[in-house]
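Source: prediction; values computed, not measured.
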Protein chains: 2
Amino acid sequence: MTQIPLVPADAVGTAEFEPCSVTPVIDMIFSRWTTPILRVLSAEGPLRFSEIRDWLGTVTPKVLTQRLRQLERDGLITREEFGEVPPRVEYMITDLGLSLRPAFDFLGSWSDEHMPQVEVARLAYDGSGRPRPA
Amino acid sequence: MTQIPLVPADAVGTAEFEPCSVTPVIDMIFSRWTTPILRVLSAEGPLRFSEIRDWLGTVTPKVLTQRLRQLERDGLITREEFGEVPPRVEYMITDLGLSLRPAFDFLGSWSDEHMPQVEVARLAYDGSGRPRPA
DNA sequence: CTGTATCCCTTTTGATACTG
DNA sequence: CAGTATCAAAAGGGATACAG
């Protein structure tokens, strides 16, 4: 196995390593529904509330509103309200939101390439007598 | 979290989108503590239970055990038990686990580069009169 | 159409004490 | 040292109804 150090060898174990540095961004973009929202807005362009809901399928309006608000507050999407009747609101990805796409693309590729291996590992583990994770 | 389709229910088979394949891998590697565990094992090499706990700081033994079991079952880390007294157990990243490092590295870089912009967006939003996300 | 407001349940996480 | 067991707390979501 190839061991790739994150920090210079002389700094290993000297408290230079901060294992939680990615946690804030993980909390921001990997809560439920956020990734699909960002991906569909990246791929489809501006969408209305009901269009996003239809793309996601089973999300409830309360949760969808929560997620859209958070993404808007974080500057990852914009919300534009048109003064029409019936009301029309369009959500659009920002440049900041678009800058996350390499992460989603990598994870998508990784999934295609490696999830079968994960499935094999799970089957092997489950047949090994090791305790099931809670 | 379950798999979230990225295809409207009435457009299955006709859309150019595939199912949201990133959701399972997100569930796997972005639950609490898992990313720091993978990162510290990538950076520091094999570590004992108590060493990982010390790196993470505030994790409780119950939760740490859960996470280590899940990562082991998914094939991202290995667990080696030495028949010694007092007991010694070492956890080590696998090649499969190591293959996720580009994702963590990207998110770390993205955090360094863009989180200040997120902070600015949050302040602007909070001063704009828009409703606070729940 | 675009959300809000409630209620409630499940899952997740933590605190603490204990064992081989 | 390396975990388990038990209890409690909290957060995250979902179902449903309703409002502007």
Side-chain angles (χ1 to χ4, degrees), chain A residues 20 23-24 26-37 40-41 46-73 77-92 129-134, chain B residues 1-5 8 20 23-24 26-37 40-41 46-73 77-92 129-134:
Chain A
C20 290
T23 301
I26 288 173
D27 292 343
M28 184 173 65
I29 63 176
F30 292 124
S31 57
R32 193 167 190 193
W33 300 113
T34 50
T35 302
I37 291 169
V40 76
L41 288 177
L47 293 177
R48 305 174 65 159
F49 184 90
S50 55
E51 292 174 323
I52 299 172
R53 187 195 55 210
D54 292 344
W55 276 99
L56 302 190
T58 61
V59 66
T60 62
K62 188 195 76 169
V63 174
L64 181 55
T65 301
Q66 284 179 357
R67 290 300 176 273
L68 291 172
R69 288 282 181 282
Q70 288 164 349
L71 294 171
E72 181 193 356
R73 188 173 100 102
I77 67 175
T78 58
R79 176 185 182 275
E80 185 176 8
E81 194 170 353
F82 301 83
E84 302 179 2
V85 177
R88 180 162 65 102
V89 176
E90 280 190 357
Y91 293 91
M92 186 170 61
R130 296 240 62 218
R132 302 293 185 88
Chain B
M1 216 197 289
T2 50
Q3 170 127 1
I4 299 167
C20 191
T23 301
I26 288 173
D27 291 344
M28 184 174 64
I29 63 177
F30 293 124
S31 57
R32 191 159 196 201
W33 299 114
T34 50
T35 301
I37 290 169
V40 76
L41 288 178
L47 293 177
R48 306 174 65 158
F49 185 90
S50 55
E51 292 174 323
I52 298 172
R53 187 194 54 211
D54 292 345
W55 274 104
L56 301 191
T58 61
V59 67
T60 61
K62 189 195 75 169
V63 173
L64 181 55
T65 300
Q66 285 179 354
R67 291 299 177 274
L68 291 172
R69 287 281 181 283
Q70 288 165 350
L71 293 172
E72 180 193 357
R73 188 173 99 103
I77 67 175
T78 57
R79 175 185 182 276
E80 187 176 6
E81 194 169 353
F82 300 83
E84 302 180 2
V85 177
R88 181 162 65 103
V89 175
E90 280 189 356
Y91 293 91
M92 185 170 62
R130 296 240 63 220
R132 302 293 186 89

What is the distance, to the nearest angstrom, from the [atom1] atom on [X] to the [atom2] atom on [N]?
X: Glu84(B); N: dC1(D); atom1: CD; atom2: P; answer: 13 Å
X: Leu68(A); N: dG3(C); atom1: CG; atom2: C1'; answer: 10 Å
X: Glu81(A); N: dT2(C); atom1: CD; atom2: C1'; answer: 9 Å
X: Leu56(A); N: dT2(C); atom1: CG; atom2: C1'; answer: 15 Å
X: Glu90(B); N: dG3(D); atom1: CD; atom2: C1'; answer: 16 Å
X: Phe82(B); N: dA2(D); atom1: CZ; atom2: P; answer: 11 Å
X: Phe30(B); N: dG12(D); atom1: CZ; atom2: P; answer: 18 Å
X: Arg69(A); N: dT4(C); atom1: CZ; atom2: C1'; answer: 10 Å

Report the residues that fulfil salt bridge (charged side-chain N to carboxylate O under 4.0 Å, His left out) with [X], sequence neighbours left out, ordered by chain and then residue number.
X: Glu84(A); answer: Arg88(A)
X: Arg53(B); answer: none
X: Arg67(B); answer: none

Distance check, rounded to the nearest 0.5 Å: [X] atom [atom1] versus [Y] atom [atom2]?
X: Arg73(B); Y: Leu68(B); atom1: CZ; atom2: CG; value: 15.0 Å
X: Leu56(A); Y: Asp54(A); atom1: CG; atom2: CG; value: 9.0 Å
X: Leu41(B); Y: Ile77(B); atom1: CG; atom2: CD1; value: 6.0 Å

Can you name the atoms? Protein N/O to nucleotides 14-20 of chain C N/O, anything below 3.5 Å, with the distance.
unit_1  : atom_1 : unit_2   : atom_2 : d
dG14(C) : OP1    : Arg32(B) : NH1    : 2.4
dG14(C) : OP2    : Trp33(B) : NE1    : 3.3
dG14(C) : N7     : Lys62(B) : NZ     : 3.2
dG14(C) : O6     : Lys62(B) : NZ     : 2.3

### Task
Identify which one of Val59(B), Leu71(B), Leu64(B) satisfies the side chain to side chain contact (heavy atoms under 4.5 Å, CB included) criterion when paired with Trp33(B).
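Single pass found, and it is Val59(B).
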### Query
Checking side chain to side chain contact (heavy atoms under 4.5 Å, CB included) against Thr78(A), which of Glu90(A), Glu72(A), Met92(A) comes through?
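With Thr78(A) as partner, Glu90(A), Glu72(A), Met92(A) yield a single side chain to side chain contact (heavy atoms under 4.5 Å, CB included), made by Met92(A).
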OP1 or OP2 of [N] less than 4.0 angstrom from a side-chain nitrogen or oxygen of [X], does that happen here?
X: Arg132(B); N: dT4(C); answer: no
X: Arg48(A); N: dT2(C); answer: yes
X: Ser50(B); N: dA2(D); answer: yes

### Query
Out of dT13(C), dT4(C), dA2(D), which has the shortest distance to the side chain of Arg67(B)?
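Of the options given, the side chain of Arg67(B) lies nearest dT13(C).
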### Query
Out of dT4(D), dA2(D), dC1(C), which nucleotide sits closest to the side chain of Arg88(B)?
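So the nucleotide nearest the side chain must be dA2(D).
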### Task
Report which part of the nucleic acid Tyr91(B) touches: base, sugar-phosphate, or nothing (heavy-atom distance under 4.0 Å, all strands).
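Answer is sugar-phosphate: Tyr91(B) comes under 4.0 Å of backbone atoms only.
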### Task
Find the bend of the helix from dC1(C)-dG20(D) to dG20(C)-dC1(D) as the angle between its two terminal axes (five pairs each), to the nearest 10°.
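What I find for the helix from dC1(C)-dG20(D) to dG20(C)-dC1(D) is an axis angle of 50°.
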### Task
Please identify each residue that fulfils ring pair (Phe, Tyr, Trp, His ring centres under 6.0 Å) with Tyr91(A), with sequence neighbours left out.
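Ring pair (Phe, Tyr, Trp, His ring centres under 6.0 Å) check on Tyr91(A) returns nothing, list empty.
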